Amino acid sequence: MTKQTILILDFGSQYTQLIARRVRESKVFSKIIPYNTPASEIAALAPKGLILSGGPASVTDKKSPYPDLKIFKLGIPILGVCYGMQVICEMLGGKVKHTREREYGKTELFIDDNRDLFSHMPGNFTCWASHGDYVTKMPAGFHTIAHTVNTPIAAISNQKRKIFAVQFHPEVTHTEKGNQILSNFLFKACGASGRWTMQSFVKESIDTLKKTIGKKDKVVLGLSGGVDSSVAALLIHKSIGRNLRCIFIDNGLLRKGEAEQVRSVFKDLYHLNISFVNRSKRFLDRLKGITDPEEKRKIIGDEFVKVFEEEAKKTKGVKYLGQGTLYPDVIESISPAGGPSRKIKSHHNVGGLPAQMKLKLIEPLREIFKDEAREIGKQLGLPENIIQRQPFPGPGLAVRIVGDITAERLELLREADKRVIEEISKAGLYEQIWQSFAVLLPIKSVGIMGDERTYENVAALRCVSSFDGMTADWVKLPYEVMEKISNRIINEVKGINRVVYDISSKPPATIEWE
């Protein structure tokens, strides 16, 4: 590897991605790998250090996950976090005991040794713990470097072997000095330089793409106008120019003005080789009378593949398929069979195109998180309205219309959704909210407009805050903003006479209604 790398062995913790992000915030590249990756493969990657993540298992169970024992003979600095600490102790000759009394939440950490991990830190500070197992005996060569009131051995160190472990979570914001602890491991123990930035990524990525694709081969890419596909398209375009052909498919399920926005940015401003294909009627014909959400998704995905394949065949010499796959999508697909990670949701970019079209994949963002993709977009000069665009589902408005999809209902939703975005933006909340949109419900309600009785559609307003879309909470919108959105939809969108607000979180609800 040309860049310095910290490898994170994933034992199924909900915070594994957060560890990776914290490392990258220190300008050190990090990569998550399965916990049972052979030591020989790890050595071949030449990492500067290893971090063993937390996890839901207990080392006291017979089927608990363990890494390759040989990782401790590689001479690489190691940091164990929570379950990772217990694994280190069990595998190197220590003892771990299970107890029903969990140490959960904020607790005071007292430092016993302020070298290495706790260098330049106060004698005590708040940390965040989540464990029911305790280390009762350390392996030979280790000593205690921190404790809490309930956990006498809360952090350990073997300076000679450069192996460290903590029983709490330094990666979460609730741990006051968490970033400093990780930085001490990266720079003091591992000797990392902290030079990995988005500027360096862009340069390295363009160089790699040029070498991989060459000057003659061509790439096709489905461009939606979202952050992921937009950044991927610009990176590839800067590498091979007109040999990239972008295909924008209007499936009739887009938001108001979406196709025009993509055209003005990518064709008029960046002069990308892009084709605009309108197949709205074709999609709507297949969706006629379909109300089951999963069936809607399957139909849209299947039709998209067919249209994309038809269009791609019109370009001669195509060897590669470009996609805006992000790192979280990759992480959720690398867990070994029977491993500790659980697949939370399925992901799709162009729904099975690689296998059908027999093209090689080009995914320049497959090691990049969403916020990093946005930073790359800034480096490439993408407009803010593209960089900060809220996530939009692949099936489009089809999953925001509960029930039958018709051209008339789509138009109603487009107009309502337009007003939601306008008012959220006017209030300065657009970039603070993960997603904000309207949903058209399959019911009607009685209303009064101009002294006349109405019986029209109901729209639901959905605004959620989230870090990565895995979990989400409903946004406590200011009443005046809710009032403006409701008044504008009811007064300006003929056919809707009632607006309700969705106050459910994920889980148990999902962000989208279908």
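None of the values given here were measured: they were computed from a predicted structure.
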**Student:** Hey, does the side chain of Lys296 reach the backbone of Gly403 with a donor-acceptor pair shorter than 3.5 angstrom?
**Tutor:** yes
**Student:** Nearest heavy-atom pair of Ser445 and Arg498: which atoms, and what distance?
**Tutor:** OG-NE, 2.8 Å
**Student:** Measure the CZ-NZ distance between Arg195 and Lys27 for me, rounded to the nearest 0.5 Å.
**Tutor:** 11.5 Å
**Student:** Any chance you could measure Asn114, atom CG, to His120, atom NE2, to the nearest 0.5 Å?
**Tutor:** 9.0 Å
**Student:** When you look at Asp371 and Arg21, which way does the side-chain contact (heavy atoms from CB on, under 4.5 Å) test go after all the steps?
**Tutor:** CA-CA 10 Å; Asp371 57 326; Arg21 299 175 72 90; 2.7 Å; yes
**Student:** Please report the interatomic distance CD(Glu431) to CZ(Arg374), rounded to the nearest 0.5 Å.
**Tutor:** 8.5 Å
**Student:** Measure from the side-chain N and O atoms of Gln379 to the backbone N and O of Gln199, and report whether any donor-acceptor pair falls under 3.5 Å.
**Tutor:** no
**Student:** Can you find a heavy atom in the side chain of Leu269 that is under 4.5 Å from one in the side chain of Ser264?
**Tutor:**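 A side-chain contact is absent here, since even the closest heavy-atom pair is not under 4.5 Å.
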**Student:** Working to the nearest 0.5 angstrom, can you tell me the gap between Leu412 CG and Lys494 NZ?
**Tutor:**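 NZ of Lys494 is found 11.0 Å from CG of Leu412.
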**Student:** Would you find a donor on one side and an acceptor on the other, under 3.5 Å apart, between the side chain of Glu372 and the backbone of Met198?
**Tutor:** no
**Student:** To check you understand the geometry: which heavy-atom pair defines the closest contact between Thr454 and Asn497, and what is its length?
**Tutor:** OG1-ND2, 3.0 Å
**Student:** For residues Ile249 and Phe304, report the shortest heavy-atom separation together with the two atoms involved.
**Tutor:** CD1-CE1, 3.7 Å
**Student:** With distance as the sole test, does Arg297 use its side chain to make a donor-acceptor pair with the main-chain N or O of Ala398 at under 3.5 Å?
**Tutor:** no
**Student:** Take Phe185 and Val23, measure what side-chain contact (heavy atoms from CB on, under 4.5 Å) needs, and give me the verdict at the end.
**Tutor:** CA-CA 10 Å; Phe185 174 69; Val23 172; over 6 Å; no
**Student:** Of all residues at least two apart in sequence or in a different chain, which pass the ring-ring contact (aromatic ring centres under 6.0 Å, His included) check with Phe276?
**Tutor:** Phe248
**Student:** Salt bridge or not between Lys426 and Glu422? Use side-chain N to carboxylate O under 4.0 Å.
**Tutor:**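 No, this pair does not count.
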**Student:** Are Ser119 and Asn184 linked by a side-chain donor-acceptor pair shorter than 3.5 Å?
**Tutor:**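 There is no such pair (donor and acceptor under 3.5 Å, judged by atom type) between the side chains of Ser119 and Asn184.
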**Student:** Is there a side-chain contact between Phe168 and Thr148 (heavy atoms, below 4.5 Å)?
**Tutor:**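 Contact flag for Phe168/Thr148 side chains = no.
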**Student:** Answer yes or no: is there an ion pair linking Glu423 with Lys484, defined by an N-O contact shorter than 4.0 Å?
**Tutor:**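 Lys484 and Glu423: not salt-bridged.
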**Student:** Strictly distance-based, threshold 3.5 Å: is any side-chain N or O of Ser200 a donor or acceptor partner for the main-chain N or O of Trp196?
**Tutor:** no
**Student:** With rounding to the nearest 0.5 angstrom, report the CD1 to CD1 distance, Ile368 to Ile376.
**Tutor:**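 Reported value, rounded in 0.5 Å steps: 4.5 Å.
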**Student:** From Asp10 CG over to Ile8 CD1, what is the distance, rounded to the nearest 0.5 angstrom?
**Tutor:**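 Output value for this atom pair is 9.0 Å.
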**Student:** Are side-chain heavy atoms of Met121 and Ile181 found at a separation under 4.5 Å?
**Tutor:** yes
**Student:** Kindly determine whether Thr126 and Glu108 satisfy side-chain contact (heavy atoms from CB on, under 4.5 Å), including the steps that lead there.
**Tutor:** CA-CA 5 Å; Thr126 300; Glu108 197 74 7; 3.6 Å; yes
**Student:** Could you check whether any side-chain N or O of Ser30 sits under 3.5 Å from a backbone N or O of Ala20, counting only pairs where one atom can act as donor and the other as acceptor?
**Tutor:** yes
**Student:** Per the ring pair (Phe, Tyr, Trp, His ring centres under 6.0 Å) rule, which among Tyr134, Phe110, Phe118 passes with His147?
**Tutor:** Phe110
**Student:** Using the side-chain contact (heavy atoms from CB on, under 4.5 Å) rule, take Phe187 and Ser26 through it: C-alpha gap first, then chi angles, then the decisive distance, then the call.
**Tutor:** CA-CA 9 Å; Phe187 302 120; Ser26 295; 4.0 Å; yes
**Student:** Hey, are Asp228 and Lys370 close enough for a salt bridge, meaning a charged N less than 4.0 Å from a carboxylate O?
**Tutor:**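 Lys370 and Asp228: salt-bridged.
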**Student:** Tell me, do Gln17 and Pro328 make a side-chain contact under 4.5 Å, heavy atoms counted?
**Tutor:** yes
**Student:** Return the minimal non-hydrogen interatomic distance between Ser224 and Gly226, and the atom names on each side.
**Tutor:** OG-N, 3.1 Å
**Student:** If only side-chain N and O atoms count, and only distance matters, is there a donor-acceptor pair under 3.5 Å linking Arg366 with Thr325?
**Tutor:** no
**Student:** Of all the heavy-atom pairs spanning Ser13 and Pro56, show the shortest one and how long it is.
**Tutor:** N-CD, 4.3 Å
**Student:** Between Arg263 and Glu260, is there a salt bridge with N-O shorter than 4.0 Å?
**Tutor:**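 Not counted as a salt bridge, because no side-chain N and carboxylate O are separated by less than 4.0 Å.
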**Student:** Which side-chain N or O atoms in residues 474-483 pair as donor and acceptor under 3.5 Å with protein atoms at least two apart or in another chain?
**Tutor:**
{"unit_1": "Trp474", "atom_1": "NE1", "unit_2": "Ile503", "atom_2": "O", "d": "3.2"}
{"unit_1": "Lys476", "atom_1": "NZ", "unit_2": "Asp473", "atom_2": "OD2", "d": "3.3"}
{"unit_1": "Lys476", "atom_1": "NZ", "unit_2": "Trp474", "atom_2": "O", "d": "3.4"}

**Student:** So, does Asp417 use its side chain to make a donor-acceptor pair with the main chain of Leu413 at under 3.5 Å?
**Tutor:**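 No, the answer is negative, given that no donor and acceptor are paired below the 3.5 Å cut-off.
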**Student:** Using the ring of Phe369 (Phe, Tyr or Trp, six-membered ring only), decide whether Arg24 places NZ or CZ under 6.0 Å from its centre and within 45 degrees of its axis.
**Tutor:**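 Output no; distance or angle outside limits.
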**Student:** If you count every heavy atom of other residues, nucleotides or ligands that lies below 6.0 Å from Lys177 atom NZ, does the total exceed 12?
**Tutor:**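 Open.
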**Student:** Using a 3.5 Å distance criterion without hydrogens, assess whether the side chain of Gln167 forms a donor-acceptor pair with backbone atoms of Met85.
**Tutor:**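 Pair absent, no side-chain N/O of Gln167 close to backbone of Met85.
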**Student:** With heavy-atom distances below 4.5 Å as the criterion, would you say the side chains of Phe392 and Leu397 are in contact?
**Tutor:** yes
**Student:** Indicate the atoms forming the closest heavy-atom contact of Trp513 with Leu441, along with that distance.
**Tutor:**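 For Trp513 and Leu441, the tightest heavy-atom pair comes out as CZ3-CD2, 3.2 Å.
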**Student:** How are the rings of Trp128 and Tyr15 set relative to one another: parallel (under 30°), tilted (30 to 60°) or perpendicular (over 60°)?
**Tutor:**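 Plane angle over 60°, so perpendicular.
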**Student:** Count the heavy atoms belonging to other residues, nucleotides or ligands that lie under 6.0 Å from CZ of Arg286, then report whether that count exceeds 12.
**Tutor:**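 Result for CZ/Arg286: enclosed.
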**Student:** Is the closest side-chain heavy-atom distance between Leu284 and Leu253 below 4.5 Å?
**Tutor:** yes
**Student:** Start with the C-alpha distance between Arg419 and Glu415, add both sets of side-chain angles, then the distance that settles salt bridge (Lys or Arg N to Asp or Glu O under 4.0 Å), and finish with yes or no.
**Tutor:** CA-CA 7 Å; Arg419 286 153 179 80; Glu415 293 298 332; 2.9 Å; yes
**Student:** Within a strict 4.5 Å, meaning less than it, do heavy atoms of the Cys463 and Tyr501 side chains meet?
**Tutor:**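 Cys463 vs Tyr501: side chains touch.
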**Student:** Ignoring hydrogens and geometry, is there a side-chain-to-backbone donor-acceptor pair from Ser53 to Phe11 under 3.5 Å?
**Tutor:**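 Yes; at least one donor-acceptor contact below 3.5 Å.
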**Student:** Evaluate the side-chain proximity of Val227 to Leu382: yes if any heavy-atom separation is below 4.5 Å, no if none is.
**Tutor:**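 Not touching, per the 4.5 Å side-chain cut-off.
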**Student:** Would you confirm whether Arg462, through its side chain, and Ile511, through its main-chain N or O, come within 3.5 Å as a donor-acceptor pair?
**Tutor:**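 Flag set: sc Arg462 to bb Ile511 pair under 3.5 Å.
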**Student:** Report the C-alpha separation of Glu258 and Arg414 in whole Å, then their side-chain angles, then the decisive distance to 0.1 Å, and conclude whether the salt bridge (Lys or Arg N to Asp or Glu O under 4.0 Å) test is met.
**Tutor:** CA-CA 10 Å; Glu258 200 150 12; Arg414 280 194 194 95; over 6 Å; no
